[in-house]
Amino acid sequence: MNSVKKSWSVKFVIKKGEKAVEMSLPIHGENAARALNDFFDEQSARHGILRSDIDVTALHAV
């Protein structure tokens, strides 16, 4: 069974120490939950932070 990947725009704040940076990125996945899980894993690894340091403020289908 082929799964169709859907796209969302996620707006988020990354907290690292005393700094907070607001960003937005496109994410893709079979559903919003899987796309967000992949997003959290990727951002945690990329920035060397915990998942709890990422606050999603908006998620919109595109």
Side-chain angles (χ1 to χ4, degrees):
M1 180 176 177
N2 283 347
S3 59
V4 175
K5 294 223 176 195
K6 298 176 184 169
S7 298
W8 292 268
S9 173
V10 62
K11 189 173 180 181
F12 58 100
V13 176
I14 291 180
K15 293 181 233 158
K16 194 170 185 179
E18 295 296 318
K19 284 179 116 177
V21 179
E22 187 173 20
M23 302 171 70
S24 62
L25 290 172
I27 61 173
H28 314 282
E30 293 176 23
N31 58 49
R34 287 189 184 184
L36 277 171
N37 271 334
D38 291 344
F39 161 78
F40 280 121
D41 291 343
E42 181 182 321
Q43 294 303 310
S44 295
R46 177 177 289 162
H47 297 286
I49 58 176
L50 301 173
R51 289 173 70 122
S52 60
D53 293 329
I54 304 168
D55 290 331
V56 172
T57 57
L59 180 65
H60 301 281
V62 292

Do you reckon M23 sits in the same ILVMFWY cluster as V10, going by side-chain contacts under 4.5 Å, direct or chained? yes
Distance-minimising heavy-atom pair for K15 and I49: O-CG2, 4.4 Å
Same apolar cluster: L25 and L59, side chain cutoff 4.5 Å: yes
Atom CD1 of I14 and atom CZ of R46: how far apart are they, to the nearest 0.5 Å? 9.0 Å
Between I54 and H47, does the side chain to side chain contact (heavy atoms under 4.5 Å, CB included) criterion hold? Intermediate values first, please. CA-CA 10 Å; I54 304 168; H47 297 286; over 6 Å; no
As an exercise, state the distance from CD of E42 to CD1 of I27, rounded to the nearest 0.5 Å. 10.0 Å
Could you state the interatomic distance from CZ (R51) to CG (L36), rounded to the nearest 0.5 Å? 9.0 Å
Looking at CZ of F39 and CH2 of W8, how far apart are the two atoms once the value is rounded to the nearest 0.5 Å? 13.5 Å
Please confirm whether the backbone N or O of L50 pairs with a side-chain atom of D53, one donor and one acceptor, at under 3.5 Å? yes
Heavy-atom pair with the smallest gap, counting every atom of E22 and T57: OE2-OG1, 4.5 Å
Nearest 0.5 Å please: distance from the CG atom of D55 over to the CZ atom of F12. 11.0 Å
Roughly how far, to the nearest 0.5 Å, is the NZ atom of K6 from the CD atom of E30? 9.5 Å
On a heavy-atom basis, which atom in H28 and which in S7 lie closest, and how many Å separate them? ND1-OG, 2.8 Å
